[in-house]
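Contents: one structure, followed by commentary.
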Amino acid sequence: MSIYLVDIEQVTHTCPAFPDAHPFDTRRTLVDVIPGGPCRAPVTIRCGNTTAQIPCRRHEPAKRQCGACRVIVTERTITNTFVGYQGPEHMRPTKDAA
């Protein structure tokens with residue numbers, strides 16, 4: 001099983017179209033890869049008279065892949081940065097005077 005370690009950075013804001021904070025820029029950084037090793041259940045494919053063996057990860061859905069070909073993505077850190085309101089000033093939300 002191959003394990004991918006990822007850092008995620010999200011930049012969020014508010015705007016006239018959607019007043020709740022929401023992400024508008026998401027960046028993922030690959031930090032580390034632990035390879036699963038060679039395929040343990042290669043698949044034979046045929047095209048005419050030609051045959052070839054390929055790793056099961058290239059042919060089978062995740063449920064039917066061998067343990068070496070399966071992929072797990074682990075999120076190491078998730079960073080959220082709020083940049084505030086972004087939009088025309090005349091549409092800036094106002095605080096209630098209540």
Side-chain angles (χ1 to χ4, degrees):
M1 152 177 10
S2 297
I3 300 172
Y4 292 82
L5 192 59
V6 177
D7 285 344
I8 299 175
E9 182 181 350
Q10 291 183 336
V11 181
T12 59
H13 73 164
T14 58
C15 62
F18 194 66
D20 295 330
H22 57 279
F24 70 92
D25 185 21
T26 302
R27 296 173 189 236
R28 293 172 182 89
T29 305
L30 184 61
V31 177
D32 191 20
V33 177
I34 302 170
C39 179
R40 297 182 202 130
V43 177
T44 302
I45 57 171
R46 292 175 183 82
C47 183
N49 294 333
T50 306
T51 62
Q53 281 197 332
I54 61 171
C56 64
R57 72 177 157 266
R58 293 183 55 200
H59 189 268
E60 301 294 330
K63 288 182 179 179
R64 296 197 318 232
Q65 291 177 2
C66 71
C69 288
R70 281 197 194 102
V71 172
I72 293 180
V73 178
T74 304
E75 299 165 347
R76 184 176 74 165
T77 60
I78 301 174
T79 305
N80 291 310
T81 305
F82 181 66
V83 295
Y85 174 79
Q86 291 185 323
E89 285 301 315
H90 71 279
M91 296 182 76
R92 181 178 289 276
T94 59
K95 295 189 181 208
D96 294 328

* **Within residues 9-22 or reaching into it, pairs that qualify as side-chain hydrogen bond (donor to acceptor under 3.5 Å, both in side chains) - sequence neighbours excluded** =>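 Sorted result for residues 9-22: His13-His22, His13-Gln86.
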* ILVMFWY cluster, Tyr4 and Ile78 together (side-chain gap under 4.5 Å) ->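 Linked within one cluster.
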* Side-chain contact test, heavy atoms from C-beta onward, threshold under 4.5 Å: evaluate it for Ile3 versus Val33 and give yes or no. =>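 They are not in side-chain contact.
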* How would you list, by chain and number, every residue that makes a side chain to side chain donor-acceptor pair (under 3.5 Å) with Arg64, sequence neighbours excluded? ->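 Scan of Arg64 (side chain to side chain donor-acceptor pair (under 3.5 Å), adjacent residues dropped) gives Glu60.
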* Asked: Who passes side chain to side chain donor-acceptor pair (under 3.5 Å) against Thr29, sequence neighbours left out?
  ->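 Partners of Thr29 by the side chain to side chain donor-acceptor pair (under 3.5 Å) criterion come out as none, since no residue qualifies.
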* Other hydrophobic cluster members with Val83, side-chain heavy atoms of Ile/Leu/Val/Met/Phe/Trp/Tyr under 4.5 Å, chained? ->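 Val83 shares its hydrophobic cluster with Val11, Phe24.
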* Which pairs with one or both residues in residues 29-38 pass salt bridge (Lys or Arg N to Asp or Glu O under 4.0 Å), sequence neighbours excluded? ->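 Listed by first then second residue: nothing to list.
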For residues 38-59, which side-chain donor-acceptor pairs fall under 3.5 Å, sequence neighbours excluded?
| unit_1 | atom_1 | unit_2 | atom_2 | d |
| --- | --- | --- | --- | --- |
| Thr44 | OG1 | Gln53 | NE2 | 3.3 |

* To do: Can you see which heavy atom on Leu30 is nearest to which on Val6, and at what distance?
  =>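 Closest approach of Leu30 to Val6: CD1-CG2, 4.3 Å.
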* Asked: With Pro88, which residues qualify under side chain to side chain contact (heavy atoms under 4.5 Å, CB included), at least two apart?
  ->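 Per chain and number, Pro88 pairs via side chain to side chain contact (heavy atoms under 4.5 Å, CB included) with Pro16, Tyr85, His90, Met91.
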If you look only at distance, which donor and acceptor atoms sit under 3.5 Å apart when one is on a side chain in residues 68-77 and the other is two or more places apart or in another chain?
| unit_1 | atom_1 | unit_2 | atom_2 | d |
| --- | --- | --- | --- | --- |
| Arg70 | NE | Ala62 | O | 3.4 |
| Arg70 | NH2 | Gln65 | O | 2.8 |
| Arg76 | NE | Asp7 | OD1 | 2.9 |
| Arg76 | NH2 | Asp7 | OD2 | 2.7 |
| Thr77 | OG1 | Asp7 | OD1 | 3.0 |

